[in-house]
Amino acid sequence: MIIVMKAGVQEEEIQEAVRRVEQMGYKAHILRGVERSVIAAIGDERGKAQLQSLEALRSVERVVPILQPYKLASRETKPEESVIEIAEGIRVGGEKITVMAGPCTVESQEQILTTARAVKKAGADVLRGGAFKPRTSPYSFQGMAEEGLKLLAEAREKTGLAVVTEVMEAQDIELICEYADILQIGARNVQNFALLKKIGQTDKPILLKRGMMTTITEFLMSAEYILSEGNPNIILCERGIRTFETSTRNTLDLSAVPVLQEKTHLPIIVDPSHGTGYWQYVAPMSYAAIAAGADGLLIEVHPHPENAVSDGGQSLKPDKFAELMKNLAAFAQAAGRKV
Ligand code: PEP
Ligand code: MN
């Protein structure tokens, strides 16, 4: 159930309602809006009638059921869009399109610094790069681990870009939090519920990728795992799903963007690199993503894709990335956004 507070109520009144919700045996999550705040009461739905009695409070406008199974991620609970603060001056959601770019894997100081400087110059906001890599083969390079994290932090220092990198295991969370601004949960871990619960206990922004075979409802239930642990800072990422089509690595489901926007208040970005698997399709699908209403992009860029240890074929060279960024402005403007 959600308890919709009246506009302009005092903090003490919100806390009073929270206390009562908790007394009834529910977990209370406050979702603060510009206009009004709501309290989501999560627990046994059979106690609905008891919660309904909160309507008697002067500060409460109404008490209504949340119909969707993803209670905290739902637009019903929070009609206004969430804007996720990443670092000073960098956010996801709102008018500006946020672009995250960089190599699939951190490979060397030279590689990450060259890429960071190039994507910064082209207008990116966030540097991507994996230090812990989920590889299909156990014989493939698994990432530079902490050494890679240090190189990402050095690149942040030198360029002012924020850093996003993947977390694969709960035991690495603390270490990665020391270096990264955003924790990425990859497609393969979207339903690793134990990991989702653990990152939900941090306050870092989370980039949650859709799995290659998760439905939109399942994807939102994964976001719900993180939200229900108390971390509201989630950015969703559509990165392609597996279909019968083999001409692309995945099928980039751009229809997920408006569907998600209808169902959730969380911002949504698109990864056209993994979504298509080929560098030449990355720019057109980036433009299409912005036209569809995406809040940002996650793009693989490598100074020498032919030598990349992973995903070279879908990585843009810096000059192609710069060209994409230049062209993106017109699409952003047409969509009522800016780059
Ligand atoms: C990545 O971003 O490099 C990655 C491994 O992505 P995904 O989890 O979407 O496959
Ligand atoms: Mn990759």
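Note that the structure is predicted; figures quoted are calculated from it, not measured. Basis for what follows: all heavy atoms, side chains included, without hydrogens, waters or symmetry-related copies.
Val167 and Ile185 get closest at one heavy-atom pair: O-CD1, 4.0 Å. Heavy-atom minimum distance, Val282 versus Ser273: CG2-CA, 3.9 Å. What you find for Leu254 and Met285 is that their closest heavy atoms are CD1-CE, 3.7 Å. Smallest separation of non-hydrogen atoms from Gln111 and Glu107: OE1-N, 2.8 Å. Residues Leu161 and Ala116 share a closest heavy-atom pair of CD1-O, 3.5 Å. Considering every non-hydrogen atom in both Met100 and Ile235, the closest pair reads CE-CD1, 4.4 Å.
Within a 6.0 Å radius of CD in Glu306, other residues, nucleotides and ligands contribute more than 12 heavy atoms. Heavy-atom contacts from other residues, nucleotides or ligands closer than 6.0 Å to NZ of Lys6 number more than 12. Counting heavy atoms of neighbouring residues, nucleotides and ligands inside a 6.0 Å radius, atom CZ of Arg135 exceeds 12 of them.
With respect to the salt-bridge test (charged N to carboxylate O, under 4.0 angstrom), the residues Arg36 and Glu61 qualify. A salt bridge links Glu13 with Arg58: the closest approach of a Lys/Arg side-chain nitrogen to an acidic carboxylate oxygen falls below 4.0 angstrom. Taking the charged nitrogens against the carboxylate oxygens, Arg32 and Glu11 do have a contact shorter than 4.0 Å, which makes a salt bridge. With respect to Lys96 and Asp125, a salt bridge is recorded, a charged nitrogen being found less than 4.0 Å from a carboxylate O. Ionic pairing of Asp44 and Arg46 is present here: one or more N-O contacts between side-chain nitrogen and carboxylate oxygen are shorter than 4.0 angstrom. Between Lys204 and Asp181, no side-chain nitrogen of the basic residue sits less than 4.0 Å from a carboxylate oxygen of the acidic one, so the salt-bridge criterion is not met. Using a cut-off of 4.0 Å between Lys/Arg side-chain N and Asp/Glu carboxylate O, Glu300 and Arg128 are scored as salt-bridged. Under a 4.0 Å N-O distance rule, the pair Arg75/Glu81 qualifies as a salt bridge. Glu154 has a carboxylate O that lies under 4.0 Å from a charged side-chain N of Lys158, or vice versa, which qualifies the two as a salt bridge. Glu229 and Lys197 are not joined by a salt bridge, as no carboxylate oxygen comes within less than 4.0 angstrom of a charged side-chain nitrogen. Salt bridge annotation for Asp295-Arg337: present, with a cationic side-chain nitrogen under 4.0 angstrom from a carboxylate oxygen.
Annotation: side chain of His29 is not in contact with side chain of Ile39 (no heavy-atom distance under 4.5 Å).
Going from atom CG of Leu236 over to atom CG of Leu220 covers 6.5 Å, rounded to the nearest 0.5 Å. Atom CD of Glu16 and atom OG of Ser59 lie 7.5 Å apart (nearest 0.5 Å). Here the CZ-CD distance, from Arg20 to Gln50, works out to 11.5 Å after rounding to the nearest 0.5 Å. Residue Ser315 holds its OG atom at 12.0 Å from CH2 of Trp279, rounded to the nearest 0.5 Å. The CG atom of Leu72 lies 9.5 Å from the OG atom of Ser74; values are rounded to the nearest 0.5 Å. With rounding to the nearest 0.5 Å, the separation of CG in Leu127 from CG in Leu151 is 10.5 Å.
A side-chain N or O of Ser310 and one of Thr105 form a donor-acceptor pair less than 3.5 Å apart. Side chains of Tyr179 and Glu146: a donor on one and an acceptor on the other come within 3.5 Å.
Among Arg249, Lys133, His302, the single residue meeting the side-chain hydrogen bond (donor to acceptor under 3.5 Å, both in side chains) criterion with Asp311 is Arg249.
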